[in-house]
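In this text, all values refer to a predicted model and were calculated from it rather than measured experimentally. Atoms within each ligand, like the ligands themselves, are counted from 1 in listed order.
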Amino acid sequence: MINDRLDRIGDYPFDRLRALLDSHKPQTEEAPLSLALGEPQHPAPDIVHQTLAESGDLWGKYPPIWGTPEFRSAVHQWLAQRYGLSNNMFDPDRTIIPVSGTREALFMMAFTVIPESVSGKTPAVLMPNPFYQVYLGAAALAGAESVFVPATPETNFLPDFHSLDTETLDRTALAYYCTPANPQGTSASVEKLASIVELARKHDFVIVFDECYSEIYNETPPAGGIEACAKLGGSLKNVLIMNSLSKRSSVPGLRSGFVAGDPEIMARFKQVRDYGGAPPPMPLLAVATALWQDEKHVAENRAFYSRKFDLADQKLSGKHGYYRPDGGFYLWLDVGDSEAAALKLWQNAALRVIPGAYFAKTGRDGKNPGAAYIRCALVHDLETTGQALDRLVATL
Ligand SMILES: Cc1ncc(COP(=O)(O)O)c(C=O)c1O
C-alpha cells in the first residue's frame, strides 16, 4: 500500500548522483572533494553558541506554530530594513510563521493551497525548469500537474510565467519562483516580481517567492517579493515569501526559516501545521531571532563568498560559459554532457559535482534544459575551493 503519486517524482538528485558515481573508484590518489551539495561549510556565527547556551530553560516548552512575538518582530524588522518597507505595511502577528527550514514550508504549502480541482480541471503548479526538487515533490503529492517553465539563457535563466496560455494560468493554484535562482544564480528585478504578483492576482493563484539565496549576492542586493508588494500598494494578497538562515547565516543544520505573506493563507497554513507541522523548538527560535537581528555576520559571510568568486573569476573566466552569478553560491557551467562530465570529474579527479540534468525535466520541445550543465557549490573554505576548481579546470 504505497501512494502511487510517488512514482511521478522519481529519485532525488543526490540518490541519482550516488547511482552514477559510487560504483566507480577514482583513478587518483587525491582525497575526494565535493562541490555537489549546497550546504554552507563556513563556521556558524558565535551568536548561535551564545544564544543556545542562554536558552536551556526553553526545552521544556512545546513551540507555538506562530513562534514567539520576538521572532516575528525580528523578521518584520529585517524585512522592513532589507526592502525599505514602511513599518506598518503588514501586521507581523498575522503574517509571519517560523518553519524548520524552508524546504518543509515549500512542501507543506502545496497541501495548504491546492484544491481538489479548479473549475473541474486538474490544478496546475508552475515552476522553473531547472527547479528545486521540492516544488515537484509537493505538486505531485498534492495531486496537481507540474508545469515546467523553461529557465534558460534566453530568459536570463528565469521562468516567464507570462508566456503561458490562459487555460493553464486559470487552473493554476500555486507557482514557485526562485530568486536568486538555484542553480543558475540570476535574480529578477522588482518590476519583474511585481508583474508576477499582478499575474497571480489576475488568475487567482498563490505565488511563492523562494528567496533563500537573497543575502549571498555579488554587488546589488536582489529585489524581493515583498518589495514588489510594496511597489504595488502594500497588500500581500496571493503572495508568500520564504527565506532561511541556512545560507544567510551558514547554519543549514539549525533548520530555520520563515514564511511571510497573505494573512488569509497564513491562517490556513497555521491550520495545516496544527496537524502536521514540526515548529522550530524554542531554544532554536531564540537563536534564529538573534541571527535575524544581526547583519554583521551576514556581511562577513557575503565577503567570504565574494573572495571565492574572485578565485572562480581567475580560474574559470572564458571557460565553460562561466559567469559570476547575481546571487547564491553556485557555478552553472556549460560542459556539453552533464552526466559524462560529472563521471569524468569523479573518475579522473575525485571531484563530485552534480549533473544539471538531474535538476530539470525534459520539456515539450524534447530538451532537458539542464542537460548541458554541471552545478558546483562554492561552500567550502578558500583553499578547498581553489583546489576543487583547479581539478575541475584541469580535467575538463
Ligand atoms: C532553492 C532552494 N529553496 C529552498 C531550500 C531549502 O533550504 P532550507 O530548508 O535549508 O531553508 C534550498 C536548499 O538548498 C534551496 O536551494
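- Near Cys212, with a cut-off below 4.0 Å to any heavy atom, the atoms of ligand 1 are 2 (C), 3 (N), 4 (C), 5 (C), 12 (C), 15 (C).
- Looking only at protein heavy atoms, the nearest one to atom 14 (O) of ligand 1 is Lys247 NZ, 2.8 Å.
- Remark: ligand 1 atoms within the under-4.0 Å shell around heavy atoms of Arg255 are 8 (P), 9 (O), 10 (O).
- In Leu106, the part holding a heavy atom less than 4.0 Å from any atom of ligand 1 is the side chain.
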### Query
After noting the C-alpha distance and the side-chain angles of Phe131 and Phe359, does the key distance pass the ring-ring contact (aromatic ring centres under 6.0 Å, His included) rule?
CA-CA 6 Å; Phe131 53 92; Phe359 292 123; 8.5 Å; no
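- Scanning all protein heavy atoms for the shortest distance to atom 4 (C) of ligand 1 gives Tyr132 CE2, 3.4 Å.
- The residues Glu295 and Arg82 are annotated as not salt-bridged, no charged nitrogen and carboxylate oxygen being separated by less than 4.0 angstrom.
- A salt bridge links Lys296 with Glu300: the distance from a Lys NZ or Arg NE/NH1/NH2 to an Asp or Glu carboxylate oxygen falls below 4.0 Å.
- Classified by interplanar angle (parallel below 30°, tilted 30° to 60°, perpendicular above 60°), the ring pair His42/Phe304 is tilted.
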### Message
Run the ring-ring contact (aromatic ring centres under 6.0 Å, His included) test on Tyr330 and Tyr213 for me, step by step, so that the C-alpha distance in whole Å, both residues' side-chain angles and the decisive distance to 0.1 Å come before the verdict.
### Response
CA-CA 10 Å; Tyr330 299 112; Tyr213 295 96; 5.5 Å; yes
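- For a threshold of 3.5 Å applied to N or O pairs, the pair formed by Tyr330 and ligand 1 contains no separation below that value.
- At a threshold of 4.0 Å, the pair Glu167-Lys121 counts as salt-bridged, since one of the basic side-chain nitrogens sits closer than that to a carboxylate oxygen.
- Residues Trp346 and Val353 fail the side-chain proximity criterion, which asks for heavy atoms closer than 4.5 Å.
- Distances between N or O atoms of Asn182 and those of ligand 1 include at least one value under 3.5 Å.
- Ring planes of His203 and Phe205: parallel class, angle under 30° (limits at 30 and 60°).
- Near Cys178, meaning under 4.0 Å from one of its heavy atoms, ligand 1 places the atoms 1 (C).
- Shown in contact with Gly101 at under 4.0 Å from a heavy atom are these atoms of ligand 1, numbered in order with element: 9 (O), 11 (O).
- With ligand atoms numbered from 1 in the order given, ligand 1 contributes 8 (P), 10 (O), 11 (O) to contacts under 4.0 Å with heavy atoms of Ser246.
- Between Ser256 and ligand 1, no pair of N/O atoms sits closer than 3.5 Å.
- Nearest-heavy-atom check against atom 3 (N) of ligand 1 across Val208, Leu254, Asp210, Leu37 picks out Asp210.
- Aromatic ring pairs are classed by plane angle as parallel below 30°, tilted from 30° to 60° and perpendicular above 60°; the pair Phe329 and Tyr305 is parallel.
- Under 4.0 angstrom from ligand 1, the non-hydrogen atoms of Thr102 come from both its backbone and its side chain.
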